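To start, the structure itself, in structure tokens.
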Amino acid sequence: MKPLFRLPYLRESALTICLSLVLSLPHPFTQRALAQQHVALVEGVDSIGITVSDMDRAVAFYSKVLTFEKVSDTEVAGEDYEHLEGVFGLRMRVVRMRLGSEFIELTEYLAPKGRPIPVDSRSNDRWFQHVAVIVSDMDKAYAWLRQNHVEHASSGPQRLPDWNRNAAGISAFYFKDPDGHPVEILQFPPDKGQEKWHRPTDKLFLGIDHTAIVVWDTDASIQFYRDLLGMHLAGESENYGTEQEHLNNVFGARLRITAIRGESGPGIELLEYLAPRDGRPFPPDERASDVVHRQTVLLTQGAESAALQLHAGRANFVSSGVVANHTGQLGFSKAFLVRDPDGHVVEVEEK
């Protein structure tokens with residue numbers, strides 16, 4: 001049996017030769033070459049992937065409570081997906097769901113089963129990641145969630161104060177899905193958010209504005225998402241006070257918040273807790289089959305080129321290389337998984 005991480009796909013392509021040449025060059029040369037790269041490696045966010053323990057329960061929650069629509073329901077297994085996810089002997093059921101023009105991908109590992117989310121997870125732990133669902137009416141949305149008995153993560157909806165110029169008037173509430181994954185509902189005031197969130201509608205849940213991740217060092221994350229992947233900064237804010245504390249359910253919370261976007265899809269929001277600094281690091285042995293796992297799917301025109309530059313940038317790969325999707329399932333031709341500086345997984349995918 002072939003070992004899982006022997007790089008079978010890279011080794012049989014010209015990419016391996018190029019990669020060996022680049023990595024053999026002096027480090028300053030590599031960094032200068034990356035700095036001169038003006039074409040973004042990724043175009044934007046395709047979807048947010050979420051590992052779940054019970055697919056039928058998860059689909060019922062996201063469709064009946066949050067009004068997502070099922071787009072596809074696929075079961076896959078085999079070496080392609082083992083090399084992609086870094087999990088041997090897997091069998092996955094993957095359901096793609098849409099809300100507005102944004103997507104999530106729910107994955108249940110039929111084999112092997114992973115670990116549940118730690119029951120003592122907090123909003124400042126670095127494995128924290130949520131999707132932010134935009135609502136047209138916060139009061140009605142909160143009443144609907146209460147009617148459906150969701151588990152609170154915030155004490156209730158919070159309106160961020162007027163003194164905070166960059167966040168003033170935003171209303172938000174954190175709750176949990178059936179597996180314990182945090183979800184946010186958010187309503188923008190008229191002077192904030194994308195234009196599409198303010199169009200007249202009779203819908204309550206509109207779409208996904210961003211996925212938020214907790215980071216230890218914002219500057220290191222910016223270097224990864226902006227300088228290496230080619231996304232751009234879209235906004236910054238420093239949030240603190242009783243409203244923020246009760247939103248995150250973290251006493252004394254003071255956050256540096258940085259919004260990053262590609263040319264399409266939801267944004268990625270970096271949450272650095274300036275206080276308290278006691279959030280726990282990402283589990284070093286986390287795997288895609290663990291229910292704590294989420295992955296942000298980024299689109300690229302060239303997976304091999306993106307992998308080459310991420311290797312040169314010393315990124316930590318989950319996949320054994322660029323994986324060609326020989327089965328033709330799940331809607332991509334080539335892809336790989338890599339971790340950001342804090343351990344959050346991104347899937348770089350070529351359609």
Side-chain angles (χ1 to χ4, degrees), residues 44-117 129-134 145 148 150 175-183 203-208 211 264-266 287-299 303 318-319 323-337 345-351:
V45 175
D46 171 78
S47 58
I48 296 91
I50 305 169
T51 298
V52 302
S53 63
D54 182 327
M55 183 62 76
D56 292 335
R57 182 181 67 172
V59 169
F61 175 82
Y62 282 96
S63 61
K64 295 178 181 178
V65 179
L66 297 179
T67 67
F68 280 77
E69 299 176 0
K70 183 191 288 189
V71 175
S72 62
D73 190 338
T74 309
E75 189 170 312
V76 297
E79 286 193 356
D80 287 351
Y81 301 104
E82 292 174 358
H83 284 277
L84 178 64
E85 303 290 346
V87 177
F88 179 74
L90 64 76
R91 177 171 290 274
M92 305 185 297
R93 179 184 173 191
V94 181
V95 174
R96 187 172 174 90
M97 305 190 77
R98 177 178 60 227
L99 182 63
S101 57
E102 291 79 42
F103 298 87
I104 58 173
E105 287 189 347
L106 306 176
T107 300
E108 179 185 356
Y109 279 78
L110 304 174
K113 289 289 187 181
R115 298 167 295 184
I117 294 176
Q129 180 170 358
H130 75 225
V131 291
V133 174
I134 302 303
L145 295 177
N148 283 276
V150 301
F175 59 101
K176 297 180 180 181
D177 77 2
D179 279 300
H181 292 292
V183 183
K203 295 182 178 179
L204 185 55
F205 300 99
L206 306 182
I208 298 172
T211 181
S264 61
R287 306 177 76 195
S289 54
D290 292 331
V291 180
V292 75
H293 182 85
R294 277 145 292 183
Q295 57 192 48
T296 305
V297 182
L298 305 178
L299 296 174
V318 175
S319 303
V323 178
N325 184 11
H326 296 105
T327 69
Q329 295 174 290
L330 300 187
F332 67 89
S333 61
K334 301 174 184 177
F336 61 89
L337 270 58
V345 172
V346 297
E347 178 179 347
V348 180
E349 186 175 281
E350 180 181 334
K351 291 295 186 183

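Just so it is clear, the structure is predicted and the values come from calculations on it, not from any experiment.
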*So, Asp46 side chain and Val297 main chain: donor-acceptor pair closer than 3.5 Å or not?*
no
*Without swapping roles, check the side chain of Arg91 against the backbone of Gly89 for a donor-acceptor pair under 3.5 Å.*
no
_Which residues pass the salt bridge (Lys or Arg N to Asp or Glu O under 4.0 Å) test with Glu347, not counting sequence neighbours?_
none
_For Ser289, give me all partners under side-chain hydrogen bond (donor to acceptor under 3.5 Å, both in side chains), at least two apart in sequence or on another chain._
none
*Distance from Ile48 atom CD1 to His130 atom NE2, nearest 0.5 Å?*
10.0 Å
*What's the verdict on side chain to side chain contact (heavy atoms under 4.5 Å, CB included) for Leu66 and Leu145, showing C-alpha distance, side-chain angles and the deciding distance?*
CA-CA 9 Å; Leu66 297 179; Leu145 295 177; 4.1 Å; yes
*Would you name the heavy atoms of Gln129 and Pro182 that are closest together and state the gap between them?*
O-CG, 3.4 Å
*asked:* Please determine whether side chain to side chain contact (heavy atoms under 4.5 Å, CB included) holds for the pair Phe336 and Val318, giving the CA-CA distance in whole Å, both sets of side-chain angles, and the decisive distance to 0.1 Å.
replied: CA-CA 8 Å; Phe336 61 89; Val318 175; over 6 Å; no
*Could you grab the distance from atom CG of Leu84 to atom NZ of Lys334, nearest 0.5 Å is fine?*
14.0 Å
*Got a sec, which residues hit side-chain hydrogen bond (donor to acceptor under 3.5 Å, both in side chains) with Glu105, two or more places apart in sequence or on another chain?*
Arg96
*How far does CG of Leu206 sit from CG of Leu99, to the nearest 0.5 angstrom?*
7.5 Å
*OH/Tyr109 to NE2/His293 distance, rounded to the nearest 0.5 angstrom?*
6.0 Å
*Judged by atom type as modelled, is there a donor-acceptor pair below 3.5 Å linking the side chain of His83 to the main-chain atoms of Ala324?*
no
*asked:* Using only atom types and a distance under 3.5 Å, with no angle test, would you say the side chain of Thr107 pairs donor to acceptor with the backbone of Thr51?
replied: no
*Could you state the interatomic distance from CZ (Phe103) to CD1 (Ile208), rounded to the nearest 0.5 Å?*
9.5 Å
For residues 58-65, tabulate all N or O donor-acceptor pairs below 3.5 Å that involve a side-chain atom, not counting sequence neighbours.
| unit_1 | atom_1 | unit_2 | atom_2 | d |
| --- | --- | --- | --- | --- |
| Tyr62 | OH | Asp177 | OD2 | 2.8 |
| Ser63 | OG | Val59 | O | 2.6 |
| Ser63 | OG | Ala60 | O | 3.4 |

*Out of curiosity, Arg93 CZ to Leu110 CG, how far, rounded to the nearest 0.5 Å?*
8.0 Å
*Which atom of Thr296 lies closest to which atom of Val45, heavy atoms considered*: CG2-CG1, 4.0 Å
*Please name all residues satisfying side-chain hydrogen bond (donor to acceptor under 3.5 Å, both in side chains) with Asp290, sequence neighbours left out, ordered by chain then number.*
Arg115
_Closest contact, heavy atoms only, Arg287 versus Val87_ = NH2-CA, 3.6 Å
*Should we count NZ of Lys203 as having more than 12 external heavy atoms under 6.0 Å?*
no
*What heavy-atom pair brings Asp73 and Lys70 nearest, and what distance separates the two atoms?*
OD2-NZ, 3.2 Å
*Would you confirm whether Glu108, through its side chain, and Met55, through its main-chain N or O, come within 3.5 Å as a donor-acceptor pair?*
yes
*Would you please test Leu330 and Thr74 for side chain to side chain contact (heavy atoms under 4.5 Å, CB included) and show each step?*
CA-CA 7 Å; Leu330 300 187; Thr74 309; 4.0 Å; yes
_Main chain of Gly207, side chain of Glu102: is a donor-acceptor contact present, judged purely on distance under 3.5 Å?_
no
_Asp179 side-chain N/O to Val52 backbone N/O, donor-acceptor pair under 3.5 Å_ = no
_Partners passing salt bridge (Lys or Arg N to Asp or Glu O under 4.0 Å) against Arg98 (at least two apart in sequence or in another chain)_ = Glu69
